[in-house]
Amino acid sequence: MCCYSNNRYFGSASLLFDIDSWSPLKQTVIHFLISITVWLPLAIFIGWLPLEPSPLLLGIGSFVIVYVLFWYGIQTYFKKIAKEMNNSVKKP
């Protein structure tokens with residue numbers, strides 16, 4: 001049951017970005033904090049990370065790096081799409 005619940009989280013986590021009253025920064029920070037809070041115990045439970053300082057720090061650092069890379073890629077993609085849409089509207 002634990003892993004099923006975690007899969008549901010990661011599948012529905014993007015809904016945080018649909019809350020229009022939150023700033024993009026708030027959406028991203030809350031998404032990151034909830035994601036790492038779900039991921040870290042799961043990674044420890046299934047044996048990806050042993051409960052030792054070095055592997056935990058390496059695992060958390062890797063999570064942060066991957067999160068930032070995905071965030072940057074998504075931001076770049078949507079900026080490109082927005083630019084293409086704006087350019088298509090400007091053309092007669």
Side-chain angles (χ1 to χ4, degrees):
M1 182 68 177
C2 122
C3 295
Y4 177 71
S5 297
N6 289 328
N7 285 337
R8 285 192 309 189
Y9 166 73
F10 285 109
S12 61
S14 63
L15 296 176
L16 290 170
F17 294 100
D18 290 338
I19 302 173
D20 293 330
S21 61
W22 289 1
S23 71
L25 177 61
K26 182 176 181 178
Q27 292 169 338
T28 303
V29 168
I30 290 175
H31 180 266
F32 172 81
L33 292 173
I34 294 173
S35 295
I36 200 161
T37 301
V38 170
W39 175 81
L40 188 59
L42 177 63
I44 293 167
F45 176 74
I46 62 177
W48 289 349
L49 293 174
L51 279 173
E52 298 173 13
S54 293
L56 284 174
L57 289 175
L58 183 62
I60 291 169
S62 297
F63 183 91
V64 170
I65 289 169
V66 169
Y67 192 94
V68 167
L69 289 173
F70 271 91
W71 178 85
Y72 180 76
I74 290 167
Q75 291 294 330
T76 303
Y77 171 76
F78 281 114
K79 283 183 182 180
K80 179 183 175 205
I81 295 297
K83 184 177 179 180
E84 288 173 0
M85 290 173 66
N86 287 333
N87 286 340
S88 70
V89 171
K90 290 178 185 176
K91 295 180 183 176

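The figures that follow rest on heavy atoms only: side chains count, while hydrogens, waters and symmetry mates do not.
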For residues 55-70, please give each side-chain donor-acceptor pair under 3.5 Å, one per line with the distance, not counting sequence neighbours.
residue, atom, partner, partner atom, Å
S62, OG, L58, O, 2.8
Y67, OH, T28, O, 3.4
Y67, OH, H31, ND1, 2.6
Y67, OH, F32, N, 3.4

Name each donor-acceptor pair under 3.5 Å that joins a side chain in residues 72-82 to protein atoms two or more places apart or in another chain, with its distance.
residue, atom, partner, partner atom, Å
T76, OG1, Y72, O, 2.8

Problem set entry | Pairs involving residues 45-56, ordered by first then second residue, that meet side-chain hydrogen bond (donor to acceptor under 3.5 Å, both in side chains) (sequence neighbours left out) |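 Checked against side-chain hydrogen bond (donor to acceptor under 3.5 Å, both in side chains) - neighbours excluded - no pair reaches residues 45-56.
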Distance-only donor-acceptor pairs under 3.5 Å for side chains of residues 17-24, two or more places apart:
residue, atom, partner, partner atom, Å
S23, OG, K26, N, 3.1

For this session: May I ask whether L49 and F45 are part of the same hydrophobic cluster, defined by side-chain heavy atoms of I, L, V, M, F, W, Y residues being less than 4.5 angstrom apart, directly or through others?
Result: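 Yes, L49 and F45 fall within the same hydrophobic cluster.
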